[in-house]
Protein chains: 2
Amino acid sequence: MMDNCTNLGYLLTLSAKLMKYHLMKQLDQENFTVQQWAVIKDLERLEGLGGAENNFMAVSIANRLDMDKPTISGIIKRLLEKGYIEKYPHSTDKRASILKLSAQTKEILPRLEELSDQTVSAAVVDFTEEEISQLTHLLFRMTKNLKEEE
Amino acid sequence: MMDNCTNLGYLLTLSAKLMKYHLMKQLDQENFTVQQWAVIKDLERLEGLGGAENNFMAVSIANRLDMDKPTISGIIKRLLEKGYIEKYPHSTDKRASILKLSAQTKEILPRLEELSDQTVSAAVVDFTEEEISQLTHLLFRMTKNLKEEE
DNA sequence: GAAAAGAAGTTAGTATACTAACTATATCTA
DNA sequence: TAGATATAGTTAGTATACTAACTTCTTTTC
């Protein structure tokens, strides 16, 4: 039982690392990192839903993507520098900013989506639909267990 | 299909990150990082097998743990600084060093093992033996697919 | 046996993940 | 309404993951 668990921890870490590395290689073609893509993807989803401006604050993005504030602060800084997102003042909170995707980014989004999908597809190339569902379900439960441990 | 794949990528990354964070918290009690523990664990396993001295070179450890040379170089440097490992000259290759666990580290190993096992156990607390085997198997296949993509 | 190619490890740089501490602003409490 | 507490975001520091380039040494080639 314990041997299996140790192997599980190692395989989880290794598979996530390999997946991230492959995705990094793909996104690098368009000058994005994996984390930058995750932020872009999150903003796209929220813009599609048309939610309140508070959803576009750095702290909200950080919460949704399970990131630390200094981490999201740095990522946003670099996305602003690259012109991939734009920053607007919050209507009532002077501390906060509202972040939006730039036109340039919206234009390239389908391409990034494609690159991302290719990576995951390559990882499960020989999986059945049921196996993919199973893996997703098991990972979700694991995530839930770990979050409850906090 | 594509939605499920996107969710899979996200869950894989998230679960690995949560697992690593929990392990980090545990190992921090003994002033180890997750990567340092992985290196220690790898050396312990090899010392147990009593293999050739080449197995204890930095490049060999890097290969076994799927790490880059600069990365392993930095980790080993910090482990040496902490006194957790010791460095000896290679018998024939002046470029290389042989790395061994210090007595201090060997003493604390059972404790680190326990902390590590606790983390993984917490993640699969409500899993059956079969589910753990299944998850391990699916992750292994995913890893294999991604490595073949290189 | 000398030159070319390859390998072990390090350095420099960028991006991130995290803790701790900070500034400025908002909210809560007595 | 003033002081206490909390929050949004940033800075500083450490550790890591990666690319590129470097030094030193070993192996291969002609």
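In the text below, chain A, chain B and the rest are named by the order of the sequence lines, each starting its count at 1. Computed from a prediction, not measured in an experiment: that's the story for all the values here. For the numbers below, each heavy atom of this structure counts, side chains included, while hydrogens, waters and symmetry mates do not.
Taking only side-chain atoms of A/S73, from C-beta outward, the nucleotide of C/dA17, D/dG9, D/dC25 with the closest atom is D/dG9. Between C/dT16, D/dA20, D/dA8, one nucleotide has an atom nearer to the side chain of B/P70 than all others, and that is D/dA20. For B/T33, taking side-chain heavy atoms from C-beta onward, the closest of the listed nucleotides C/dA8, D/dT10, D/dT16 is D/dT16. For A/D68, taking side-chain heavy atoms from C-beta onward, the closest of the listed nucleotides C/dT19, D/dA8, D/dA17 is C/dT19. Closest to the side chain of A/K87, from the set C/dA15, D/dA20, D/dT10, is D/dT10. Of the candidates D/dT19, D/dA8, C/dC18, D/dA8 carries the atom nearest the A/D93 side chain, counting heavy atoms from C-beta on. For A/A96, the listed nucleotide lying nearest its side chain is D/dA8; candidates were C/dG9, D/dA8, C/dT16. The side chain of B/A58 lies closest to C/dG9, out of D/dG9, D/dC18, C/dG9.
Put simply, NE2 on A/H90 is 10 Å from P on C/dA26, counting in whole angstrom units. Look at CG on B/L99: it is 11 Å from C1' on C/dG9, rounded to the nearest Å. The CG-P distance, from B/N63 to C/dA8, rounds to 8 Å in whole Å. Here C/dT10 presents its C1' atom at 9 Å from NZ of B/K69, a figure rounded to the nearest Å. Following rounding to the nearest Å, A/K94 (NZ) and C/dT23 (C1') show an atom-to-atom distance of 16 Å. Rounding to whole angstrom units, CD1 of residue A/I98 and P of D/dA8 are separated by 12 Å. As a whole-Å value, the separation of B/I61 CD1 from C/dT10 C1' is 16 Å. For B/R78 and C/dT10, the CZ to C1' distance is 13 Å, given to the nearest whole Å.
The side chain of B/Q35 contributes no N or O atom lying less than 4.0 Å from OP1 or OP2 of D/dA15. Using a 4.0 Å cut-off, no side-chain N or O of A/K77 falls inside it from OP1 or OP2 of D/dT11. At the phosphate of C/dA17, OP1 or OP2 sits under 4.0 Å from a side-chain N or O atom of A/K20. Note on B/Y21: a side-chain N or O is less than 4.0 Å away from OP1 or OP2 of C/dT19.
Between A/K82 and B/K17, the residue anchored nearer the 5' end of DNA chain C, judged by the nucleotide with its closest heavy atom, is A/K82. The residue among A/M57 and A/M24 whose nearest nucleotide of DNA chain D is located toward the 5' end is A/M57.
Of the charged side-chain nitrogens involved, at least one lies within less than 4.0 Å of a carboxylate oxygen, so that A/R45 and A/D42 count as a salt-bridged pair.
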Between B/M19 and B/M24, does the side chain to side chain contact (heavy atoms under 4.5 Å, CB included) criterion hold? Intermediate values first, please. CA-CA 8 Å; B/M19 178 84 84; B/M24 175 188 69; over 6 Å; no

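Inter-residue side-chain proximity for A/E131 and A/T128 is flagged as met; some heavy-atom pair is nearer than 4.5 Å. The shortest side-chain heavy-atom distance between A/M57 and A/N54 falls under the 4.5 Å cut-off.
The main-chain N or O of A/K69 is never found under 3.5 Å from a side-chain atom of A/S73 such that the two would form a donor-acceptor pair.
Both tests pass for A/K100 against the ring of A/F56: distance under 6.0 Å to the centre and angle within 45° of the axis.
No donor-acceptor contact under 3.5 Å links the side chain of A/R95 to the base of C/dA26.
Nucleic acid contact for A/I72: none, since no nucleic acid atom lies under 4.0 Å from a heavy atom of the residue.
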